[in-house]
Participant: 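What follows is a structure written as C-alpha cells; I'll ask about it next.
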Amino acid sequence: MIASRRSAALDELFALLRLPSVSTLPEHRGDCERAVQLLMAKFTAMGLEHVQRLMVRERGLPLVYADWLHAPGAPTVLFYGHYDVQPPDPLAEWISPPFTPTLRDGNIYARGAADDKGQVFAQIESVQAWMQAEHALPVNVRFLLEGEEEVGGESVEAYIRTHHAELACDCVVVSDTAMYAPGLPSLDVGLRGMVYTEVEVQGAERDLHSGLYGGAAPNPLEALARIITGLKSGEGKILIPGFYDRVAPPAVKEKDAWRRLPFDEEAFRRDEVRSPALTGEAGFSVFERTWARPTLEVHGIPGGFTGAGAKTVIPARAAAKISMRLVPDQDPEEIAAQFTAAVQRLTPAGCTSQVRILSTAPAVLVSPDNRYVGAAVASLRRVFGAEPVFIRSGGSIPVVALCAAELGAPVVMMGFGLPDDGLHSPNEKFALSSFYGGIRALADFMLRLTERA
Ligand SMILES: [Zn+2]
C-alpha cells in the first residue's frame, strides 16, 4: 500500500470513528444515519454500484449495501460488518475521548475502533486498493453492513432471510473477531449458539407477611433457587434430561491444535477472570469448557425485598434470566423445549412457573477444509509472517449461523482484533498493524480466490 493511501485510509476511518453511532440510544439515531451516509459516499467514490440504504423495519436502523459484479466466472465474496457501536460509558475512564480517535503507541483509540468500524474499514480499503490499482476486482464483491449488531440485529436477519438472490455469494467474510495473540493470525471456525430465557415463578397471589404466613405459604424465591440448582450441579454438569445428547466433541486434530496454543491457565485465572479459582466440568480443558462445551448461566434474579434494612415479606413472584450457550450439534428449539420441561418438573408444590424464550441461535462450526478457508490461511500466513491457527470463540454471532444456513455459503471469520482491544470497554483500541495487515490480507485473499482449486 502506498504511503499516501495509508494516511488517506486512516483519515477516512477517523471520520467514521468520530460519529457516535450508538445503536441502543435513540438520541444517536442521527449519528447512525450520518455513518450510513459516510459509508454510502465512500462506496460510490470507490466505484462500487447499487449503493443502497435499506430500511427493513420501522424504527430500525438502515443496512448499507453495495456491490461490484464484473468478474464473470470468478467467485462472489459477501463482506459483512457493522457500523453501530456500544455506548462509551464510563466516560471518566477514557484516556482520550471515545469519539475523538487518537493514535498512541501504534494503536487507534476510539469507541468502535476494533468493534467493528476499523475491521469494516479494512474490508473496504482492501477493495479500494484493487479499484485504485486496477480499476477492477479479481472477484465479485458485495457489502452488507448493519447498524443493529449491538442490539440484536433484527433488520439484517429479516433481510437475509428474504433476499437470497440479492445476496447470492460463494463465501461470506466476517471481520468482527480477534486474533488469538499479537503476531498470531487466527481463523475463528466455531461459535457457540444461544438460548436466552426468562423464568417467572408465582407463589401466592399477593405478597405475604412472613410472621403470619411463614411456614405455610410457598416462597417463589426459594422455589427459584431450587429450580436453578436442579438445572446444574455444583460440578458444572447441566442436569436437563437430553441436554448433552447431540453434543459433538471437537475432532482429535482440533484438540491437538488447541494444546499447542500459547496458554497459561494460572495467568488466565489471575489476569483475565480475576477470581480465586476457575470452575466448570472436570476432565475438560479451559478451551473445551469455553469453546466446545455448552453452559448454563444465571444473569439476574429480580424479586422480593432488596432495599436497605429489613422487611419481612414472602414475595408473590420471582424471576430469573437464564441463558445457555450451545455447541454443535445441539438444536436450539429442542434445548428450549427440554429446558422448559425441566423447569416445570423442578417447580415445587405451591408455585407455578412460566418460561419465556427471548432468543435462540444455533452454534456454528466451519470446516477448515474448504478452499475459502484455505485461501484465507495462505493470505494470513503471507501478510503476518506466521502460521495461522484455527480457534473457536465461546461467544455467539447470530448472523454467521444465519448466513451459513440461508445463503448456503461458507463463512470465513477473518478478524484482526487483539485479545486486549477492550471491546465494549473504556479505551477500546485497534492496532495500526491490525488495520494495515487486515487490508493487505483481505486484498491478497481476493486474488487467491481466482487461483484454480
Ligand atoms: Zn462487533
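No experiment lies behind these values; they were computed from the predicted model shown.
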Participant: Any heavy-atom pair between the side chains of Tyr372 and Val377 that's under 4.5 Å?
Facilitator: no
Participant: Quick check: are there more than 12 heavy atoms from other residues, nucleotides or ligands sitting under 6.0 Å from CD of Glu205?
Facilitator: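 No, CD of Glu205 has 12 or fewer neighbouring heavy atoms, counting only those of other groups under 6.0 Å.
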Participant: Judged by modelled atom types alone, do Gln86 and Glu150 share a side-chain donor-acceptor pair under 3.5 Å?
Facilitator: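 Result is yes, a qualifying pair exists.
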Participant: Decide if the gap between the ring center of Tyr213 and the ring center of His209 is smaller than 6.0 angstrom.
Facilitator: no
Participant: Using every non-hydrogen atom in the two residues, find where Asn427 and Ile95 come nearest and quote the distance to one decimal.
Facilitator: OD1-N, 2.7 Å
Participant: Is the distance between the ring centroids of Phe43 and Phe143 under 6.0 Å?
Facilitator: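 Here the rings of Phe43 and Phe143 have centres that are less than 6.0 Å from each other.
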Participant: Is it the case that the side chain of Ser210 and the backbone of Leu208 share a donor-acceptor pair, with hydrogens and angles ignored and the cut-off at 3.5 Å?
Facilitator: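 The answer is no, because no donor-acceptor pair under 3.5 Å joins these two groups.
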Participant: Looking only at side-chain N and O atoms, does Glu146 offer a donor or acceptor that is under 3.5 Å from a partner on Tyr159?
Facilitator: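 Not at all, the side chains of Tyr159 and Glu146 share no donor-acceptor pair under 3.5 Å.
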Participant: Does Tyr180 use its side chain to pair, donor to acceptor, with the backbone of Pro262 at less than 3.5 Å?
Facilitator: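 Yes: the side chain of Tyr180 pairs with the backbone of Pro262.
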Participant: Using 0.5 Å steps for rounding, measure from the CE atom of Met324 to the CZ atom of Arg192.
Facilitator: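 One gets 13.0 Å once the value is rounded to the nearest 0.5 Å.
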Participant: When you measure from the side chain of Gln52 to the backbone of His50, do you find a donor-acceptor pair of N or O atoms at a distance under 3.5 Å?
Facilitator: yes
Participant: Backbone N or O of Gln119 within a donor-acceptor pair of the Asp116 side chain at under 3.5 Å?
Facilitator: no
Participant: Say you draw a straight line from CD1 of Ile160 to CG of Leu402; how long is it, rounded to the nearest 0.5 Å?
Facilitator: 5.0 Å
Participant: Salt bridge check, Glu265 against Arg269: does any charged N sit closer than 4.0 Å to a carboxylate O?
Facilitator: no
Participant: For side chain to side chain contact (heavy atoms under 4.5 Å, CB included), just list the numbers for Ile314 and Asp207, CA-CA rounded to whole Å, side-chain angles, deciding distance to a tenth of an Å, and then say yes or no.
Facilitator: CA-CA 6 Å; Ile314 299 177; Asp207 288 2; over 6 Å; no
Participant: Apply side chain to side chain donor-acceptor pair (under 3.5 Å) to Arg325 and Ser396, showing your working.
Facilitator: CA-CA 8 Å; Arg325 297 273 175 181; Ser396 311; 2.8 Å; yes
Participant: Run Val199 and Arg356 through side chain to side chain contact (heavy atoms under 4.5 Å, CB included) and show every step you take.
Facilitator: CA-CA 6 Å; Val199 176; Arg356 272 184 297 277; over 6 Å; no
Participant: So which atom in Pro26 and which in Thr24 form the shortest heavy-atom distance, rounded to 0.1 Å?
Facilitator: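 Scanning both residues, the minimum pair turns out to be CD-O, 3.6 Å.
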Participant: How far does CZ of Arg226 sit from CG of Asn219, to the nearest 0.5 angstrom?
Facilitator: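 If we round to the nearest 0.5 Å, Arg226:CZ and Asn219:CG are 9.5 Å apart.
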Participant: How long is the gap from CD1 on Ile227 to CZ on Arg345, to the nearest 0.5 Å?
Facilitator: 11.0 Å
Participant: What are the two closest non-hydrogen atoms of Leu418 and Pro182, and how far apart are they?
Facilitator: CD2-CA, 3.6 Å
Participant: Let me see the working for Leu39 and Leu16 under side chain to side chain contact (heavy atoms under 4.5 Å, CB included), right down to the final yes or no.
Facilitator: CA-CA 8 Å; Leu39 290 162; Leu16 183 62; 4.2 Å; yes
Participant: At their closest point, which heavy atom of Gly60 faces which heavy atom of Glu148, and how far apart are they?
Facilitator: CA-OE2, 3.2 Å
Participant: When you compare the side chains of Ser323 and His299, does any donor N or O come within less than 3.5 Å of an acceptor on the partner?
Facilitator: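 Yes.
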Participant: Does any N or O in the side chain of Arg270 come within less than 3.5 Å of the main-chain N or O of Ala267, such that one atom is a donor and the other an acceptor?
Facilitator: no
Participant: Strictly below 4.0 Å, N to O, side chains only: are Lys253 and Asp256 in salt-bridge contact?
Facilitator: no
Participant: Taking everything shown except Arg29 itself, do over 12 heavy atoms lie less than 6.0 Å from its CZ?
Facilitator: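 More than 12 heavy atoms, drawn from other residues, nucleotides or ligands, come within 6.0 Å of this atom.
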Participant: Ignoring hydrogens and geometry beyond distance, is a side-chain donor-acceptor pair present between Lys255 and Ser285 at under 3.5 Å?
Facilitator: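 The criterion, which ignores hydrogens and geometry beyond distance, is not satisfied for Ser285 and Lys255.
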Participant: Determine yes or no for a side-chain-to-main-chain donor-acceptor pair under 3.5 angstrom, with Glu149 supplying the side chain and Tyr83 the backbone.
Facilitator: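 Side chain of Glu149 to backbone of Tyr83: no pair is present.
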Participant: Where do Glu334 and Gln330 land on the side chain to side chain donor-acceptor pair (under 3.5 Å) test, with the steps shown first?
Facilitator: CA-CA 8 Å; Glu334 187 177 66; Gln330 287 178 302; over 6 Å; no
Participant: Just by distance, with hydrogens left out, do Asp188 and Thr177 show a side-chain donor and acceptor under 3.5 Å apart?
Facilitator: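 No - no donor-acceptor pair under 3.5 Å links their side chains.
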Participant: Could you walk me through whether Ile322 and Glu297 satisfy the side chain to side chain contact (heavy atoms under 4.5 Å, CB included) test, starting with their C-alpha distance in whole Å, then the side-chain angles of each, then the deciding distance to 0.1 Å, before giving a yes or no?
Facilitator: CA-CA 6 Å; Ile322 302 175; Glu297 298 289 348; over 6 Å; no
Participant: Cation-pi between Arg293 and Phe284: NZ/CZ under 6.0 Å from ring centre and within 45° of the ring axis?
Facilitator: yes
Participant: Relative to Phe99, does Arg111 satisfy both conditions: NZ or CZ under 6.0 angstrom from the six-membered ring centre, and within 45 degrees of the ring's axis?
Facilitator: no
Participant: For Arg392, is there any backbone N or O sitting under 3.5 Å from a side-chain donor or acceptor partner on Trp291?
Facilitator: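 Yes, Trp291 side chain to Arg392 backbone: donor-acceptor pair under 3.5 Å.
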Participant: Does Arg18 form a side chain to side chain donor-acceptor pair (under 3.5 Å) with Thr100? I'd like the steps, not just the answer.
Facilitator: CA-CA 6 Å; Arg18 273 187 208 102; Thr100 306; over 6 Å; no
Participant: Scan side-chain atoms only and decide if Tyr65 and Arg142 contain a donor-acceptor pair under the 3.5 Å cut-off.
Facilitator: yes
Participant: Does atom CD of Glu154 have more than 12 heavy-atom neighbours, drawn from other residues, nucleotides or ligands, at distances under 6.0 Å?
Facilitator: no
Participant: Just so I know, are the side chains of Cys32 and Leu61 near enough to count as touching, which here means a heavy-atom distance under 4.5 Å?
Facilitator: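 The answer is yes; the side chains approach within 4.5 Å.
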Participant: What class does the angle between the rings of Phe268 and Phe263 fall in, given that below 30° is parallel, 30 to 60° is tilted and above 60° is perpendicular?
Facilitator: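 Judged by the thresholds at 30° and 60°, the geometry between Phe268 and Phe263 is tilted.
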Participant: Is there a side-chain contact between Trp258 and Glu254 in this structure, where contact means two heavy atoms from C-beta onward sitting under 4.5 Å apart?
Facilitator: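 Yes; the side chains approach each other to less than 4.5 Å.
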Participant: Could you tell me if the side chain of Val189 sits less than 4.5 Å from the side chain of Ile391, heavy atoms only?
Facilitator: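 No. Closest side-chain heavy atoms not under 4.5 Å.
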Participant: Say whether, by atom type as modelled, one donor and one acceptor occur between the side chain of Asn107 and the main chain of Tyr109 under 3.5 angstrom.
Facilitator: no
Participant: So, taking the atom named CD1 in Ile240 and the one named CZ in Phe339, what distance separates them when rounded to the nearest 0.5 Å?
Facilitator: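 Rounded to the nearest 0.5 Å, the CD1-CZ separation comes out at 6.0 Å.
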Participant: Between Glu428 and Gly422, what is the shortest heavy-atom contact and its length?
Facilitator: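 Smallest interatomic distance, heavy atoms only, reads CB-O, 3.6 Å.
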Participant: Is there a donor in the side chain of Gln202 and an acceptor in the side chain of Arg317, or the other way round, less than 3.5 Å apart?
Facilitator: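 Their side chains do contain a donor-acceptor pair, which is all the 3.5 Å distance test asks for.
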Participant: Distance check, rounded to the nearest 0.5 Å: Ser175 atom OG versus Ile124 atom CD1?
Facilitator: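 The distance works out to 10.5 Å.
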Participant: Knowing that exactly one of Val64, Leu145, Leu13 qualifies, which makes a side chain to side chain contact (heavy atoms under 4.5 Å, CB included) with Val120?
Facilitator: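 Single pass found, and it is Leu145.
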Participant: Would a distance-only check, ignoring hydrogens and angles, find a side-chain to backbone donor-acceptor pair under 3.5 Å from Arg289 to Ala282?
Facilitator: no
Participant: For Val127, run the side chain to side chain contact (heavy atoms under 4.5 Å, CB included) check against Val77, Val141, Ile439 and tell me which one passes.
Facilitator: Val141
Participant: Tell me whether Glu125 is salt-bridged to Lys42, with the criterion being a basic N under 4.0 Å from an acidic carboxylate O.
Facilitator: yes
Participant: Among Asp115, Asp105, Asp421, which residue satisfies the salt bridge (Lys or Arg N to Asp or Glu O under 4.0 Å) criterion with Lys429?
Facilitator: Asp421
Participant: What pair of heavy atoms forms the shortest contact from Ser434 to Met179, and how long is it?
Facilitator: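 Closest approach of Ser434 to Met179, heavy atoms only: OG-CE, 4.3 Å.
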Participant: Any sub-3.5 Å donor-acceptor pair from His28's side-chain atoms to Pro20's backbone N or O?
Facilitator: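 Side chain of His28 to backbone of Pro20: a pair is present.
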